[in-house]
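Just so it is clear, the structure is predicted and the values come from calculations on it, not from any experiment. Protein chains get the first letters and strands the later ones, always in sequence-line order, with residue 1 at the start of each. Below, each value reflects all heavy atoms present in this structure, side chains not excepted, and no hydrogens, waters or symmetry copies.
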Amino acid sequence: MKRKKAFRFFGRNIELFTLSLPAVIYIFIMSYIPMFGVVIAFKNYRYDKGILGSEWIGFKNFEFLFKTETALRITRNTVLYNLGYMALTTIAALTVAILLNEIAKKWLKVYQTALILPFFLSWVVMSYITLAFLDHDNGFINSWLASAGMEKIQWYFEAKYWPYILNIVHLWKAIGFSAMVYYAGILGIDGELYEAARIDGAKRMQMVTNITIPQLTPLIIILLILSIGNMFRGDFGLHYFIPNNNGMTFATTDIIDTYIYRALSEIADVSMASAVGLYQSFVGFVLVVVANFTVRRFNEDNSLF
Amino acid sequence: MNNRKAGKFRDKVLSRRLKWIAVLSLAACLTFAAAGCTKSQQADGDGGADLDELIWYYPQNKANADLQLVNDEVNRLIADKVHARVKLQPVDFANYEQKLNTLVAASDPMDIVWTSNWLFPWDANARKGVFQPLDELLERDGQKLKASMSPRFWNDGKQDGKQLAVPNYQIAATRPSLIIQKRFVDKYKLDLGAIRKIDDIEPFLKQLKEGEPGIVPFGTTRGFYTNHIYGIDWRATVYRNDAAYRVLPDVTPEMKQNFALVHAWYDKGYINQDAATLNNVSDVYNKGNTAVWFDFTGKPGSEAEFKAGDGGFDVVLVPLAKPSFTGAASSMNAISRTSKHPDKAMRLLELVNTDKQLYNTLVYGIEGKHYTRLDGNYVRLNPDAGYFTNTDWVFGNIRNEYLPEGAPADKIEQTVRINDEAEVSPYYDFVFRTDDLKAELANVKAVNDEYYAALATGTIDPAKYLPIYEEKLNKAGSERIRAEKQKQLDEWVEAKGKK
């Protein structure tokens, strides 16, 4: 009986299933088949012996991450930065999306384009733009400081400024795309709700707090749950290129990904690198499940699964 | 009844739609596959007729516009002797290790791979099975190559008794030296003979700071501390003549002294401000405004190479220590495990190391186009002609080379003499096995990445940061590494019967 039901469900939705087929195949080939490779994390991998032929060494490859004194620091940096990015981007993008909805359609395209442009730049390009601002001798900021009679600052040598710089740079790059997602969400809200509110004499601000935000809540929560899964995975490009991989700022810029890259780039040990990757994925998976569970406890409709 | 009919009809429409979707996605798949096909066909199709192709990866300073011309010339020279074509695959120094690590991990086909003890480290890669053993190949296809070097050189390409790499005969000793622009030496009548240790240069730096605005008196990237100039054996980090064979910690008293000196220089403005953040060694001198810098190798003939790199200013070389034999592992070519024609690769390596015309084509390009012959063994190079490597030591035996203008006439003789005379470390065949220390080594490296450059360039105050650096090193496991090294060294000493 049950199987019959499943078939009927499939039959009724065959168009949707077919539409999603390329994506399903893609994910199966690119994400599920390679998953077999996680065994490398438990082996002393040698190219000539291959994945199956290499020797098993248990959890030895994981030791290196937990033996280090900096484990705490890089974990803290990764988690805190990701929380910061999440909160800042969500709030800022939501605000921008609501404002975009309010402004005249004539200027909409200009704002959209200007906002989303940085999203398409690579971190390497972004790092040169940041350098143009922060360079010691020729940077904009130091030139302004100098012309205002203030002392120049060695931005790339001082750890304490970087939490602000990184958050700003990240926001600058991410805000365009997130704002577009929320703007699309706003466009999907039933216009009759606003009409009814207007007839009842609601002010603009009231419409935002009572219609727009509650209607967007499921979208916001889905995006948040998804980004919680990446909490242990920092943005390598951002943290590597923007501070110029400079030792003196590691206290506040170093995250798990950049640390691993530096520590293993010379040893080039595939097994140790995949051990870290597996660890990050595992923690991310647990976080997604926990976050989803928590959301479901409060409101079942808003949870992802 | 009606329902069923309607269902059938719907199914028909659907299946027709489905077919379309299937056809479309199939077409898309085929396009991708076809793109793949044409690419690989192209790679096979161009160039000579049905000769096997050998792929050779090696590092270079920059891309050369005429690489293909030189590659064709090389193919012409080797066609009859090796019965193969070669595909030269230069990669710039900064990306070489990363790119090769990726290629190797992907089991990409390649035949000859350049490797060394400082870039794309050969012993770690050999242990991971990247190279194939060459002993039989050398017997069969490389007798002439084998005879061209003494066992002292060959030994450096061996691991566990197997020959895994072919050393390039070049300077195999280091002689830490100061490089000084000649115009300032002449102007301030600097007595070069009086400079014996690094501290002796300080008065000169002071003169430069006061008399030469716009000139950086002393340039460095990420510091210049080296055990050689402080009487410490480079291989075992033991004081030379230490009868107790005590392995020194990472931070030696000499290092502290060096860092303090450099910090004083930094404060006085002798050192370039961006020293701690520069990445390439050549960043120090390539603007031509640095008066003095430090060179770890100090090889004969490097005056000409520096002149080519610093905007054309003549330099003099002032050695600060006796040369020590550091081995031939600083530049080697190995045959990859993925090579389909190891015998031909070996024949090519032999030819590169023994054929003067082939070697000079690789180093200097095509005669008349990229360089011109002068009197004797000299050539005049044109860095802008489309092929300029400035790296004779990457390809093979430098004894076969023409001398670039400006190199001392006895460059080769000097190199051979220094190699023969250089002090061989008494610990020469001591090999530190680090398989069980991977975690510690990775973490120590991370600490060094954070602090070393800033300390060694004098950017931060060692009085405050050296203790922090030492403590972090300790926590990362540097003491465990030292203890293990001591243990292995003691065993080695005992086995040698030295105690």
> Shortest non-hydrogen contact from Ala442(B) to Met272(A)?
CB-CE, 4.4 Å
> With only heavy atoms counted, which part of Tyr156(A) is less than 4.5 Å from chain B, the side chain, the backbone, both or neither?
neither
> Using heavy-atom distances under 4.5 Å, tell me whether Ala105(B) contacts chain A through its side chain, its backbone, both, or neither.
both
> In terms of heavy-atom contacts, does CD of Glu136(B) have more than 12 from other residues, nucleotides or ligands at under 6.0 Å?
no
> Counting only heavy atoms not in Met30(A) (residues, nucleotides, ligands), do more than 12 fall under 6.0 Å from its CE?
no
> Asn44(A) and side-chain contact (heavy atoms from CB on, under 4.5 Å): which single residue from Lys438(B), Lys128(B), Arg127(B) fits?
Lys438(B)
> Can you tell me if NZ on Lys287(B) sees more than 12 non-hydrogen neighbours from other groups inside 6.0 Å?
no
> Just wondering, do Tyr259(A) and Asn443(B) contact through their side chains at under 4.5 Å, heavy atoms?
yes
> For atom CZ of Phe17(A), decide whether the heavy atoms of other residues, nucleotides or ligands shown that lie under 6.0 angstrom number more than 12.
yes
> If you count every heavy atom of other residues, nucleotides or ligands that lies below 6.0 Å from Phe296(B) atom CZ, does the total exceed 12?
yes
> Which bit of Asn246(A) is near chain B, if near means a heavy-atom gap under 4.5 Å: side chain, backbone, both or neither?
side chain
> Side chain, backbone, both or neither: which part of Gln273(B) has a heavy atom under 4.5 Å from chain A?
both
> Please check if the number of heavy atoms outside Phe133(A) that lie under 6.0 Å from its CZ is greater than 12.
no
> So for atom CZ, which belongs to Phe177(A), do other residues, nucleotides or ligands contribute more than 12 heavy atoms lying within a distance under 6.0 Å?
no
> Distance check, rounded to the nearest 0.5 Å: Lys60(A) atom NZ versus Asp436(B) atom CG?
4.5 Å
> Taking side chain as everything from C-beta outward and backbone as N, CA, C, O, which of these in Val447(B) sits under 4.5 Å from a heavy atom of chain A? Side chain, backbone, both or neither.
neither
> Check whether more than 12 heavy atoms from other residues, nucleotides or ligands sit under 6.0 Å from atom NZ of Lys340(B), and answer yes or no.
no
> When rounded to the nearest 0.5 angstrom, what distance separates CE in Met248(A) from CD1 in Ile460(B)?
6.5 Å
> Answer with side chain, backbone, both or neither: which region of Thr459(B) has an atom nearer than 4.5 Å to a non-hydrogen atom of chain A?
side chain
